[in-house]
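A short worksheet on the structure shown next.
If you're wondering where the values come from, they're calculated on a predicted model, not measured in any experiment. Sequence lines set the chain letters: A, B, ... in the order given, protein chains first and strands last, and positions in each chain run from 1.
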Amino acid sequence: MYQAPKGTHDILPEDWPYWRHVMAVAEEMAALFGFERMDVPIFEATELFERGAGEGAAVVVDKEMYTFQDKGNTSLTLRPEFTAGLMRAYLEHGMKVRPQPVKLYTIGPIFRQERPQAGRYRQHTQWNVEVVGELDPAVDFEVMSIAWSLFVRLGFRGLAFQINSIGCNAVDCRPRYIEALKAYYEPHRAELNEVDRRRLDVNPLRLLDSKEDASQKLLHDAPRSSDSLCPECRAHFQTLLGYLDQANMPYSINPRLVRGFDYYTKTVFEVWAEGIGAQAAVCGGGRYDGLIELLGGPSTPGIGFGSGIERLILTLKAQGATPPVLSRPVVQVSYTGKDEIGRQAKLAALDLVRELRSLGVGALLPFGERSLKSQLKAADKAGVQWVVIVGEGELAGGEWSVRSLSDGSQQTIARTALPAWLHSHIGVE
RNA sequence: GUGACCAUAGCUCAAUUGGCAGAGCACCUGGUUGUGGCCCAGGAGGUCGUGGGUUCAAGCCCCACUGGUCACCCCA
(Lines give C-alpha, C1' and ligand atoms only; values in the text may rest on other atoms or scores of the structure.)
Protein backbone atom coordinates (compact mmCIF):
# COMPACT_ATOMS: atom_id res chain seq x y z
CA MET A 1 0.00 0.00 0.00
CA TYR A 2 1.14 3.47 -0.78
CA GLN A 3 1.08 5.98 2.02
CA ALA A 4 1.47 9.73 2.10
CA PRO A 5 5.15 10.76 2.26
CA LYS A 6 6.64 11.24 5.70
CA GLY A 7 5.52 14.44 7.32
CA THR A 8 2.66 15.10 4.90
CA HIS A 9 -1.06 14.81 5.54
CA ASP A 10 -4.29 14.45 3.64
CA ILE A 11 -7.03 16.90 4.53
CA LEU A 12 -10.15 14.76 4.77
CA PRO A 13 -13.69 16.05 4.22
CA GLU A 14 -14.35 16.14 7.96
CA ASP A 15 -11.33 18.43 8.45
CA TRP A 16 -12.39 20.94 5.84
CA PRO A 17 -14.82 22.86 8.03
CA TYR A 18 -11.84 23.79 10.24
CA TRP A 19 -9.73 24.77 7.25
CA ARG A 20 -12.45 26.85 5.68
CA HIS A 21 -13.13 28.57 8.97
CA VAL A 22 -9.50 29.50 9.69
CA MET A 23 -8.87 30.66 6.13
CA ALA A 24 -12.10 32.66 6.01
CA VAL A 25 -11.22 34.46 9.25
CA ALA A 26 -7.71 35.15 7.97
CA GLU A 27 -9.14 36.66 4.78
CA GLU A 28 -11.60 38.66 6.85
CA MET A 29 -8.83 40.11 9.03
CA ALA A 30 -6.72 40.98 5.99
CA ALA A 31 -9.65 42.89 4.50
CA LEU A 32 -10.29 44.66 7.80
CA PHE A 33 -6.68 45.84 8.06
CA GLY A 34 -6.27 46.66 4.39
CA PHE A 35 -3.80 43.96 3.40
CA GLU A 36 -3.73 42.72 -0.19
CA ARG A 37 -3.18 39.17 -1.26
CA MET A 38 -0.16 38.29 -3.36
CA ASP A 39 0.86 34.73 -4.24
CA VAL A 40 4.34 33.63 -5.23
CA PRO A 41 5.49 30.37 -6.84
CA ILE A 42 5.78 27.21 -4.80
CA PHE A 43 9.37 26.84 -6.04
CA GLU A 44 12.04 29.46 -6.65
CA ALA A 45 15.68 29.58 -7.64
CA THR A 46 17.62 27.85 -4.87
CA GLU A 47 19.94 30.82 -4.61
CA LEU A 48 17.10 33.07 -3.46
CA PHE A 49 16.61 31.06 -0.30
CA GLU A 50 20.32 30.53 0.27
CA ARG A 51 21.10 34.23 0.02
CA GLY A 52 17.99 35.12 1.95
CA ALA A 53 19.17 32.98 4.81
CA GLY A 54 22.59 34.60 5.01
CA GLU A 55 26.04 33.07 5.17
CA GLY A 56 25.93 31.72 8.69
CA ALA A 57 22.76 29.73 8.29
CA ALA A 58 23.42 28.42 4.78
CA VAL A 59 24.59 24.97 5.86
CA VAL A 60 21.61 24.40 8.11
CA VAL A 61 19.25 25.72 5.49
CA ASP A 62 20.58 23.54 2.70
CA LYS A 63 20.12 20.49 4.84
CA GLU A 64 16.42 21.10 5.30
CA MET A 65 15.43 22.34 1.87
CA TYR A 66 13.77 20.31 -0.88
CA THR A 67 16.15 21.17 -3.68
CA PHE A 68 16.15 19.63 -7.18
CA GLN A 69 17.50 20.19 -10.68
CA ASP A 70 14.95 20.70 -13.43
CA LYS A 71 15.52 19.44 -16.98
CA GLY A 72 17.38 22.61 -17.88
CA ASN A 73 19.79 21.96 -15.00
CA THR A 74 18.46 24.88 -13.02
CA SER A 75 18.60 24.39 -9.27
CA LEU A 76 15.16 24.97 -7.81
CA THR A 77 13.85 24.68 -4.27
CA LEU A 78 10.38 24.17 -2.84
CA ARG A 79 9.80 27.29 -0.77
CA PRO A 80 10.80 26.76 2.87
CA GLU A 81 9.34 30.16 3.79
CA PHE A 82 7.35 32.98 2.21
CA THR A 83 9.32 36.09 2.98
CA ALA A 84 12.18 35.63 0.52
CA GLY A 85 9.82 34.96 -2.39
CA LEU A 86 7.57 37.86 -1.49
CA MET A 87 10.54 40.24 -1.31
CA ARG A 88 11.81 38.93 -4.64
CA ALA A 89 8.40 39.74 -6.11
CA TYR A 90 8.41 43.18 -4.44
CA LEU A 91 11.68 43.97 -6.19
CA GLU A 92 10.82 42.29 -9.49
CA HIS A 93 7.57 44.21 -9.90
CA GLY A 94 8.99 47.52 -8.76
CA MET A 95 6.56 47.70 -5.88
CA LYS A 96 8.52 50.54 -4.33
CA VAL A 97 6.61 52.86 -6.70
CA ARG A 98 3.35 51.87 -5.04
CA PRO A 99 2.12 53.81 -2.04
CA GLN A 100 4.37 52.80 0.84
CA PRO A 101 4.28 50.75 2.87
CA VAL A 102 3.04 47.78 0.86
CA LYS A 103 0.84 45.53 3.00
CA LEU A 104 0.69 41.95 1.76
CA TYR A 105 -0.57 38.57 2.84
CA THR A 106 -0.58 35.10 1.36
CA ILE A 107 -1.64 31.57 2.25
CA GLY A 108 -0.14 28.37 0.95
CA PRO A 109 2.09 25.37 1.54
CA ILE A 110 5.75 25.57 2.55
CA PHE A 111 8.24 22.72 2.72
CA ARG A 112 11.02 21.84 5.13
CA GLN A 113 12.66 18.45 5.42
CA GLU A 114 12.59 18.20 9.20
CA ARG A 115 11.76 15.32 11.47
CA PRO A 116 8.00 15.59 12.02
CA GLN A 117 6.55 16.16 15.45
CA ALA A 118 3.47 17.73 16.99
CA GLY A 119 2.41 20.68 14.86
CA ARG A 120 5.49 20.39 12.63
CA TYR A 121 5.25 18.81 9.24
CA ARG A 122 7.35 18.58 6.09
CA GLN A 123 4.57 20.22 4.16
CA HIS A 124 2.57 22.72 6.11
CA THR A 125 0.32 25.61 5.27
CA GLN A 126 1.16 29.08 6.40
CA TRP A 127 -0.68 32.36 6.61
CA ASN A 128 1.97 34.99 6.02
CA VAL A 129 1.68 38.74 6.49
CA GLU A 130 4.28 41.34 5.52
CA VAL A 131 4.59 45.12 5.57
CA VAL A 132 7.38 46.47 3.37
CA GLY A 133 8.80 49.97 3.19
CA GLU A 134 8.15 51.61 6.54
CA LEU A 135 10.19 51.77 9.74
CA ASP A 136 7.53 53.35 11.97
CA PRO A 137 7.00 51.25 15.16
CA ALA A 138 3.29 51.66 14.45
CA VAL A 139 3.84 49.21 11.61
CA ASP A 140 5.20 46.67 14.08
CA PHE A 141 2.10 47.31 16.15
CA GLU A 142 -0.16 46.93 13.13
CA VAL A 143 1.36 43.59 12.20
CA MET A 144 1.11 42.30 15.75
CA SER A 145 -2.47 43.54 15.92
CA ILE A 146 -3.66 41.63 12.87
CA ALA A 147 -2.20 38.42 14.26
CA TRP A 148 -3.78 39.10 17.62
CA SER A 149 -7.16 39.84 16.06
CA LEU A 150 -7.11 36.56 14.18
CA PHE A 151 -6.52 34.52 17.32
CA VAL A 152 -9.09 36.44 19.33
CA ARG A 153 -11.61 35.98 16.53
CA LEU A 154 -10.85 32.24 16.47
CA GLY A 155 -11.65 32.17 20.17
CA PHE A 156 -8.24 31.08 21.45
CA ARG A 157 -7.69 31.09 25.18
CA GLY A 158 -4.54 31.83 27.12
CA LEU A 159 -3.21 34.27 24.54
CA ALA A 160 -0.09 36.28 25.25
CA PHE A 161 2.53 38.06 23.22
CA GLN A 162 6.15 37.21 23.72
CA ILE A 163 8.24 40.12 22.53
CA ASN A 164 11.86 41.12 22.39
CA SER A 165 14.18 43.40 20.48
CA ILE A 166 17.39 41.92 19.13
CA GLY A 167 18.72 45.26 17.92
CA CYS A 168 20.40 46.02 14.64
CA ASN A 169 23.77 45.43 13.06
CA ALA A 170 25.25 48.78 14.15
CA VAL A 171 28.47 48.24 16.10
CA ASP A 172 27.03 49.66 19.30
CA CYS A 173 23.98 47.39 19.13
CA ARG A 174 23.74 43.62 18.50
CA PRO A 175 27.45 43.03 17.82
CA ARG A 176 28.23 44.64 21.16
CA TYR A 177 25.52 42.55 22.82
CA ILE A 178 26.83 39.30 21.39
CA GLU A 179 30.28 40.13 22.79
CA ALA A 180 28.72 40.74 26.19
CA LEU A 181 26.89 37.44 25.98
CA LYS A 182 30.06 35.57 25.10
CA ALA A 183 31.92 37.30 27.91
CA TYR A 184 29.22 36.21 30.33
CA TYR A 185 29.12 32.55 29.25
CA GLU A 186 32.82 32.00 28.59
CA PRO A 187 33.83 31.58 32.27
CA HIS A 188 31.07 28.94 32.57
CA ARG A 189 32.10 27.00 29.48
CA ALA A 190 32.96 23.94 31.54
CA GLU A 191 29.42 23.80 32.94
CA LEU A 192 27.85 23.69 29.51
CA ASN A 193 27.13 20.53 27.61
CA GLU A 194 28.45 19.84 24.15
CA VAL A 195 25.48 21.34 22.28
CA ASP A 196 25.64 24.60 24.18
CA ARG A 197 29.43 24.86 23.86
CA ARG A 198 28.95 24.67 20.12
CA ARG A 199 26.28 27.36 20.31
CA LEU A 200 28.65 29.55 22.27
CA ASP A 201 31.10 29.33 19.39
CA VAL A 202 28.72 29.40 16.44
CA ASN A 203 25.52 31.21 17.39
CA PRO A 204 25.62 32.63 20.93
CA LEU A 205 22.10 34.05 20.67
CA ARG A 206 20.80 30.50 20.55
CA LEU A 207 22.11 29.89 24.06
CA LEU A 208 19.17 31.97 25.19
CA ASP A 209 16.55 29.44 24.20
CA SER A 210 18.58 26.41 25.20
CA LYS A 211 16.59 23.76 27.03
CA GLU A 212 19.63 22.31 28.79
CA ASP A 213 19.59 22.44 32.57
CA ALA A 214 23.01 23.98 33.00
CA SER A 215 22.18 26.82 30.65
CA GLN A 216 18.81 27.40 32.26
CA LYS A 217 20.52 28.28 35.53
CA LEU A 218 22.88 30.71 33.85
CA LEU A 219 20.08 32.37 31.95
CA HIS A 220 18.67 34.25 34.88
CA ASP A 221 21.64 36.57 35.14
CA ALA A 222 22.59 36.64 31.47
CA PRO A 223 22.68 40.05 29.82
CA ARG A 224 19.53 40.97 27.95
CA SER A 225 19.51 42.20 24.39
CA SER A 226 16.81 44.72 25.20
CA ASP A 227 19.22 46.30 27.72
CA SER A 228 22.00 46.62 25.16
CA LEU A 229 20.28 48.40 22.31
CA CYS A 230 21.62 51.40 20.42
CA PRO A 231 19.60 54.60 20.95
CA GLU A 232 17.56 54.16 17.78
CA CYS A 233 16.58 50.55 18.50
CA ARG A 234 15.85 51.39 22.12
CA ALA A 235 13.50 54.20 21.10
CA HIS A 236 11.80 51.96 18.54
CA PHE A 237 11.22 49.26 21.13
CA GLN A 238 9.96 51.65 23.80
CA THR A 239 7.53 53.28 21.38
CA LEU A 240 6.16 49.91 20.33
CA LEU A 241 5.70 48.81 23.94
CA GLY A 242 3.85 52.07 24.56
CA TYR A 243 1.42 51.27 21.74
CA LEU A 244 0.81 47.80 23.16
CA ASP A 245 0.20 49.27 26.61
CA GLN A 246 -2.28 51.77 25.25
CA ALA A 247 -4.20 49.03 23.43
CA ASN A 248 -4.17 46.82 26.53
CA MET A 249 -2.63 44.00 24.55
CA PRO A 250 -0.92 41.67 27.02
CA TYR A 251 2.73 40.94 26.40
CA SER A 252 5.75 39.80 28.28
CA ILE A 253 9.20 40.90 27.31
CA ASN A 254 11.02 37.66 26.70
CA PRO A 255 14.77 38.18 26.65
CA ARG A 256 15.16 34.61 25.45
CA LEU A 257 13.22 35.17 22.25
CA VAL A 258 15.72 35.30 19.38
CA ARG A 259 15.90 34.54 15.68
CA GLY A 260 18.41 32.37 13.91
CA PHE A 261 19.15 34.56 10.91
CA ASP A 262 21.30 37.64 10.56
CA TYR A 263 18.87 39.85 8.68
CA TYR A 264 16.43 40.02 11.57
CA THR A 265 16.50 43.36 13.36
CA LYS A 266 14.75 45.04 16.24
CA THR A 267 11.34 43.54 16.96
CA VAL A 268 10.83 39.79 17.29
CA PHE A 269 7.56 38.38 18.61
CA GLU A 270 5.48 35.28 19.01
CA VAL A 271 1.96 34.63 20.19
CA TRP A 272 1.47 31.75 22.58
CA ALA A 273 -1.80 29.99 23.22
CA GLU A 274 -2.99 27.14 25.40
CA GLY A 275 -3.17 23.87 23.61
CA ILE A 276 -0.55 21.73 22.05
CA GLY A 277 2.33 21.26 24.43
CA ALA A 278 5.85 21.96 23.32
CA GLN A 279 4.76 23.98 20.33
CA ALA A 280 2.95 26.77 22.14
CA ALA A 281 3.63 29.43 19.52
CA VAL A 282 0.77 29.98 17.11
CA CYS A 283 2.69 32.58 15.16
CA GLY A 284 6.19 33.93 14.94
CA GLY A 285 7.49 37.02 13.29
CA GLY A 286 9.85 39.90 13.32
CA ARG A 287 11.39 42.86 11.59
CA TYR A 288 13.87 42.19 8.78
CA ASP A 289 15.28 45.54 7.80
CA GLY A 290 18.35 43.91 6.31
CA LEU A 291 16.73 41.36 4.01
CA ILE A 292 15.88 43.28 0.87
CA GLU A 293 19.37 44.73 0.66
CA LEU A 294 20.73 41.21 1.09
CA LEU A 295 18.68 40.20 -1.97
CA GLY A 296 20.26 42.98 -4.03
CA GLY A 297 17.61 45.66 -3.60
CA PRO A 298 17.74 49.10 -2.04
CA SER A 299 17.81 49.26 1.74
CA THR A 300 14.15 48.77 2.63
CA PRO A 301 12.62 47.96 6.01
CA GLY A 302 10.14 45.16 6.43
CA ILE A 303 8.28 43.24 9.10
CA GLY A 304 6.05 40.21 9.01
CA PHE A 305 4.99 36.94 10.55
CA GLY A 306 3.95 33.46 9.61
CA SER A 307 1.33 31.33 11.27
CA GLY A 308 0.90 27.62 10.58
CA ILE A 309 -2.69 26.70 9.76
CA GLU A 310 -2.30 23.07 10.85
CA ARG A 311 -1.12 24.23 14.24
CA LEU A 312 -4.01 26.69 14.52
CA ILE A 313 -6.43 23.86 13.79
CA LEU A 314 -4.76 21.62 16.36
CA THR A 315 -5.17 24.44 18.87
CA LEU A 316 -8.81 24.95 17.90
CA LYS A 317 -9.49 21.26 18.42
CA ALA A 318 -7.51 21.11 21.67
CA GLN A 319 -9.58 24.00 23.00
CA GLY A 320 -12.80 22.30 21.95
CA ALA A 321 -13.87 24.93 19.43
CA THR A 322 -16.13 23.86 16.60
CA PRO A 323 -16.17 25.49 13.19
CA PRO A 324 -19.40 26.87 11.72
CA VAL A 325 -21.60 24.23 10.10
CA LEU A 326 -21.76 24.27 6.35
CA SER A 327 -25.00 24.46 4.45
CA ARG A 328 -25.95 21.10 3.00
CA PRO A 329 -28.65 19.97 0.59
CA VAL A 330 -32.07 20.16 2.24
CA VAL A 331 -34.00 18.00 -0.19
CA GLN A 332 -33.65 14.49 -1.55
CA VAL A 333 -35.72 13.35 -4.50
CA SER A 334 -36.36 9.61 -4.21
CA TYR A 335 -37.85 7.40 -6.88
CA THR A 336 -39.39 3.97 -6.75
CA GLY A 337 -41.22 1.50 -8.97
CA LYS A 338 -40.56 -1.43 -11.24
CA ASP A 339 -39.73 -1.52 -14.92
CA GLU A 340 -41.27 1.28 -16.99
CA ILE A 341 -42.72 3.02 -13.96
CA GLY A 342 -39.32 2.95 -12.27
CA ARG A 343 -37.74 4.48 -15.35
CA GLN A 344 -40.39 7.20 -15.50
CA ALA A 345 -39.95 7.94 -11.79
CA LYS A 346 -36.18 8.22 -12.12
CA LEU A 347 -36.51 10.56 -15.10
CA ALA A 348 -38.92 12.73 -13.14
CA ALA A 349 -36.50 12.77 -10.20
CA LEU A 350 -33.65 13.84 -12.47
CA ASP A 351 -35.82 16.68 -13.78
CA LEU A 352 -36.82 17.81 -10.32
CA VAL A 353 -33.32 17.93 -8.80
CA ARG A 354 -32.17 19.87 -11.83
CA GLU A 355 -34.96 22.37 -11.41
CA LEU A 356 -34.40 22.70 -7.65
CA ARG A 357 -30.67 23.29 -8.07
CA SER A 358 -31.31 25.94 -10.69
CA LEU A 359 -33.42 27.72 -8.05
CA GLY A 360 -30.53 27.48 -5.60
CA VAL A 361 -32.12 24.70 -3.56
CA GLY A 362 -29.58 22.03 -2.63
CA ALA A 363 -30.92 18.66 -3.75
CA LEU A 364 -29.63 15.08 -3.58
CA LEU A 365 -30.34 12.27 -6.01
CA PRO A 366 -30.00 8.65 -4.89
CA PHE A 367 -28.22 6.30 -7.27
CA GLY A 368 -28.60 2.71 -8.32
CA GLU A 369 -31.59 0.49 -7.69
CA ARG A 370 -31.89 0.96 -3.97
CA SER A 371 -35.10 0.31 -2.12
CA LEU A 372 -37.09 3.29 -0.95
CA LYS A 373 -36.22 2.28 2.59
CA SER A 374 -32.56 2.41 1.79
CA GLN A 375 -32.98 5.79 0.10
CA LEU A 376 -34.70 7.19 3.19
CA LYS A 377 -31.93 5.90 5.42
CA ALA A 378 -29.41 7.65 3.24
CA ALA A 379 -31.45 10.86 3.36
CA ASP A 380 -31.51 10.69 7.14
CA LYS A 381 -27.73 10.28 7.30
CA ALA A 382 -27.22 13.11 4.85
CA GLY A 383 -29.27 15.36 7.12
CA VAL A 384 -31.82 16.56 4.58
CA GLN A 385 -35.09 18.09 5.76
CA TRP A 386 -37.41 16.93 3.01
CA VAL A 387 -37.70 13.83 0.87
CA VAL A 388 -39.77 14.05 -2.29
CA ILE A 389 -41.07 10.63 -3.32
CA VAL A 390 -41.90 9.87 -6.92
CA GLY A 391 -43.55 6.52 -7.58
CA GLU A 392 -46.44 4.92 -9.36
CA GLY A 393 -49.22 6.75 -7.53
CA GLU A 394 -47.52 10.11 -7.85
CA LEU A 395 -46.91 9.69 -11.57
CA ALA A 396 -50.55 8.80 -12.10
CA GLY A 397 -51.91 11.68 -10.03
CA GLY A 398 -49.45 14.39 -10.95
CA GLU A 399 -48.93 15.12 -7.24
CA TRP A 400 -45.76 14.18 -5.51
CA SER A 401 -45.33 13.09 -1.92
CA VAL A 402 -43.22 15.29 0.32
CA ARG A 403 -42.06 13.81 3.60
CA SER A 404 -40.62 15.85 6.43
CA LEU A 405 -37.78 13.95 8.06
CA SER A 406 -37.99 15.95 11.24
CA ASP A 407 -41.56 15.01 12.20
CA GLY A 408 -42.41 12.26 9.74
CA SER A 409 -45.41 14.11 8.32
CA GLN A 410 -46.18 13.61 4.67
CA GLN A 411 -48.32 15.49 2.16
CA THR A 412 -48.85 15.64 -1.56
CA ILE A 413 -48.06 18.70 -3.64
CA ALA A 414 -48.89 19.31 -7.27
CA ARG A 415 -45.88 18.62 -9.45
CA THR A 416 -45.83 22.10 -10.96
CA ALA A 417 -46.12 23.79 -7.57
CA LEU A 418 -43.44 21.72 -5.85
CA PRO A 419 -40.25 23.66 -6.66
CA ALA A 420 -41.76 26.91 -5.44
CA TRP A 421 -43.20 25.20 -2.36
CA LEU A 422 -39.83 23.74 -1.38
CA HIS A 423 -38.08 27.00 -2.12
CA SER A 424 -40.37 28.78 0.31
CA HIS A 425 -40.10 26.06 2.98
CA ILE A 426 -36.33 25.81 3.21
CA GLY A 427 -35.33 25.91 6.80
CA VAL A 428 -38.94 25.91 7.95
CA GLU A 429 -39.83 22.99 10.15
C1' G B 1 20.38 13.93 12.31
C1' U B 2 19.71 11.74 17.98
C1' G B 3 16.63 9.16 21.70
C1' A B 4 12.16 6.79 23.70
C1' C B 5 7.57 4.51 22.74
C1' C B 6 4.40 2.52 18.96
C1' A B 7 2.18 -0.11 14.15
C1' U B 8 -3.86 -6.07 13.94
C1' A B 9 -10.59 -4.42 9.47
C1' G B 10 -12.22 2.48 7.34
C1' C B 11 -12.01 4.02 13.06
C1' U B 12 -11.13 2.55 18.44
C1' C B 13 -9.00 -1.75 20.21
C1' A B 14 -8.77 -7.40 21.81
C1' A B 15 -6.28 -12.15 20.77
C1' U B 16 -3.94 -16.83 27.36
C1' U B 17 2.81 -19.96 27.46
C1' G B 18 4.37 -19.22 20.29
C1' G B 19 -1.06 -23.23 18.54
C1' C B 20 -7.78 -21.94 13.62
C1' A B 21 -7.89 -13.67 12.84
C1' G B 22 -11.83 -11.24 16.90
C1' A B 23 -15.29 -7.28 19.08
C1' G B 24 -17.68 -2.45 19.09
C1' C B 25 -18.58 1.59 15.82
C1' A B 26 -18.98 2.66 10.61
C1' C B 27 -20.50 0.34 5.62
C1' C B 28 -24.09 -3.03 2.63
C1' U B 29 -28.60 -6.23 2.65
C1' G B 30 -32.97 -8.07 4.92
C1' G B 31 -37.05 -8.04 8.89
C1' U B 32 -43.73 -8.95 2.86
C1' U B 33 -45.50 -6.24 -2.53
C1' G B 34 -43.60 2.06 -1.37
C1' U B 35 -41.37 4.92 3.96
C1' G B 36 -35.71 7.10 7.82
C1' G B 37 -33.90 7.30 13.10
C1' C B 38 -34.48 2.58 17.67
C1' C B 39 -34.18 -2.73 17.66
C1' C B 40 -33.08 -7.66 15.50
C1' A B 41 -30.67 -10.88 11.79
C1' G B 42 -27.22 -11.53 8.02
C1' G B 43 -23.15 -9.88 4.72
C1' A B 44 -18.84 -7.66 3.13
C1' G B 45 -14.28 -5.88 4.75
C1' G B 46 -7.31 -8.41 6.84
C1' U B 47 -0.61 -10.11 2.90
C1' C B 48 -1.64 -8.84 11.40
C1' G B 49 3.07 -1.80 8.24
C1' U B 50 7.17 -4.13 4.63
C1' G B 51 11.16 -7.67 4.05
C1' G B 52 14.18 -11.28 6.19
C1' G B 53 15.33 -14.83 10.37
C1' U B 54 14.30 -18.56 14.53
C1' U B 55 10.58 -22.60 15.06
C1' C B 56 6.86 -28.53 13.68
C1' A B 57 4.12 -23.91 14.16
C1' A B 58 4.94 -16.53 14.47
C1' G B 59 0.01 -11.22 15.10
C1' C B 60 3.23 -12.75 19.38
C1' C B 61 10.42 -14.02 19.60
C1' C B 62 15.05 -11.73 16.74
C1' C B 63 17.10 -8.25 12.77
C1' A B 64 16.53 -4.51 9.12
C1' C B 65 13.47 -1.07 6.69
C1' U B 66 9.04 2.16 6.28
C1' G B 67 5.66 5.10 8.84
C1' G B 68 3.44 7.35 13.43
C1' U B 69 3.72 9.85 18.33
C1' C B 70 6.67 12.60 21.89
C1' A B 71 11.12 15.13 23.12
C1' C B 72 15.98 16.87 21.46
C1' C B 73 18.85 19.23 17.22
C1' C B 74 17.05 23.05 14.14
C1' C B 75 13.15 26.40 13.40
C1' A B 76 13.51 30.96 7.55
Charged N to carboxylate O under 4.0 angstrom, [X] versus [Y]?
X        : Y        : result
A/Glu64  : A/Arg115 : no
A/Glu232 : A/Lys266 : yes
A/Glu27  : A/Arg37  : yes
A/Arg415 : A/Glu399 : no
A/Glu186 : A/Arg189 : yes
A/Asp351 : A/Arg354 : yes
A/Arg79  : A/Glu44  : no
A/Lys103 : A/Glu142 : yes

[atom1] of [X] versus [atom2] of [N]: gap in Å, rounded?
X        : N     : atom1 : atom2 : answer
A/Gln332 : B/G34 : CD    : P     : 17 Å
A/Glu81  : B/C75 : CD    : P     : 13 Å
A/Gln410 : B/G34 : CD    : C1'   : 9 Å
A/Glu399 : B/G34 : CD    : C1'   : 17 Å
A/Gln385 : B/G37 : CD    : P     : 19 Å
A/Glu64  : B/C72 : CD    : C1'   : 13 Å
A/Leu200 : B/C73 : CG    : P     : 16 Å
A/Gln162 : B/C75 : CD    : P     : 18 Å

Closest-nucleotide mapping onto RNA chain B: is A/Ser401 or A/Val258 further toward the 5' terminus? I mean the 5' end.
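Closer to the 5' end of RNA chain B: A/Ser401.
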If you assign A/Asp196 and A/Ala4 each to the RNA chain B nucleotide with the nearest heavy atom, which residue ends up on the more 5' nucleotide?
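The answer here is A/Ala4.
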Sugar-phosphate or base contact per nucleotide [[range]; S, B, -; heavy atom under 4.0 Å]:
range                        : value
nucleotides 41-48 of chain B : --------
nucleotides 25-31 of chain B : --SSSSB
nucleotides 2-13 of chain B  : BB----------

Take the angle between the ring planes of [X] and [Y] and call it parallel below 30°, perpendicular above 60°, tilted in between.
X        : Y        : result
A/Tyr264 : A/Tyr288 : perpendicular
A/Phe156 : A/Phe151 : parallel
A/His425 : A/Trp421 : parallel

What residues in residues 388-397 of chain A put a non-hydrogen atom under 4.0 Å from any atom of RNA chain B?
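The answer is A/Ile389, A/Gly391, A/Glu392, A/Gly393, A/Glu394.
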Residue pair A/Met65 / A/Pro80: nearest heavy atoms and the distance that separates them
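Looks like SD-CG, 3.9 Å.
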Are [X] and [N] close enough that a side-chain N or O sits under 4.0 Å from OP1 or OP2?
X        : N     : answer
A/Lys338 : B/G34 : no
A/Gln117 : B/C70 : no
A/Arg199 : B/C73 : yes

State the dot-bracket string of RNA chain B. Criteria: Watson-Crick or G-U wobble, both atom distances under 3.5 angstrom; notation: ( ) intrastrand, [ ] crossing earlier pairs, | interstrand, . unpaired.
(((((((..((((.....[..)))).(((((.......))))).....(((((..]....))))))))))))....
A/Ser406 (side chain) donor-acceptor with A/Ser404 (main chain) under 3.5 angstrom:
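Not a single qualifying donor-acceptor pair exists.
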Please report the distance separating the [atom1] of [N] from the corresponding atom of [M], rounded so that it comes out in whole Å.
N     : M     : atom1 : result
B/G46 : B/G59 : C1'   : 11 Å
B/C6  : B/A23 : P     : 26 Å
B/A14 : B/U33 : P     : 43 Å
B/C75 : B/A58 : C1'   : 44 Å
B/G10 : B/G30 : C1'   : 23 Å
B/U8  : B/G49 : P     : 6 Å
B/C60 : B/U55 : C1'   : 13 Å
B/U54 : B/A21 : P     : 22 Å

Look at the side chain of A/Arg206 and the base of B/C75, then say whether one donor and one acceptor between them are separated by less than 3.5 Å.
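Per atom types, no contact qualifies.
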Classify [X] by what it touches in the nucleic acid, base, sugar-phosphate, or nothing, heavy-atom distance under 4.0 Å.
X        : answer
A/Gln3   : sugar-phosphate
A/Gly7   : sugar-phosphate
A/Gly408 : base
A/Tyr264 : sugar-phosphate

When you get a sec, tell me which of B/G34, B/A76, B/G37 is the closest nucleotide to the side chain of A/Asp380?
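Nearest nucleotide to the side chain: B/G37.
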Which nucleotide, B/U35, B/G68, B/C73, lies nearest any side-chain atom of A/Leu376?
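It is B/U35.
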Any non-hydrogen side-chain atom of A/Ser252 less than 4.5 Å from a side-chain atom of A/Ile163?
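No - every pair of side-chain heavy atoms lies 4.5 Å or more apart.
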Decide yes or no for A/Val333 and A/Leu364: does some side-chain heavy atom of the first lie under 4.5 Å from some side-chain heavy atom of the second?
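They are not in contact (no side-chain heavy atoms under 4.5 Å apart), so the answer is no.
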Quick one: do A/Thr77 and A/Thr67 satisfy side chain to side chain donor-acceptor pair (under 3.5 Å)? Show the steps, please.
CA-CA 4 Å; A/Thr77 294; A/Thr67 296; 2.8 Å; yes
Would you kindly say whether A/Trp272 and A/Glu270 are connected by a side-chain donor-acceptor distance under 3.5 Å?
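Looking only at side-chain atoms, A/Glu270 and A/Trp272 do form a donor-acceptor pair, the distance falling under 3.5 Å.
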Please table the atom pairs, donor to acceptor, closer than 3.5 Å between any side-chain atom in residues 192-199 of chain A and protein atoms at least two apart or in another chain.
residue	atom	partner	partner atom	Å
A/Asn193	OD1	A/Val195	N	3.3
A/Asn193	OD1	A/Asp196	N	2.9
A/Asn193	ND2	A/Glu212	OE1	2.8
A/Asn193	ND2	A/Glu212	OE2	3.3
A/Asp196	OD1	A/Arg199	NH1	2.5
A/Asp196	OD1	A/Ser210	OG	3.1
A/Asp196	OD2	A/Ser210	OG	2.9
A/Asp196	OD2	A/Ser215	OG	2.4
A/Arg197	NH1	A/Leu192	O	2.6
A/Arg199	NH1	A/Ser210	OG	3.4

I'd like to know whether the aromatic ring centres of A/Phe305 and A/Trp127 sit less than 6.0 Å apart in this structure.
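Centroid distance A/Phe305-A/Trp127: below 6.0 Å, so yes.
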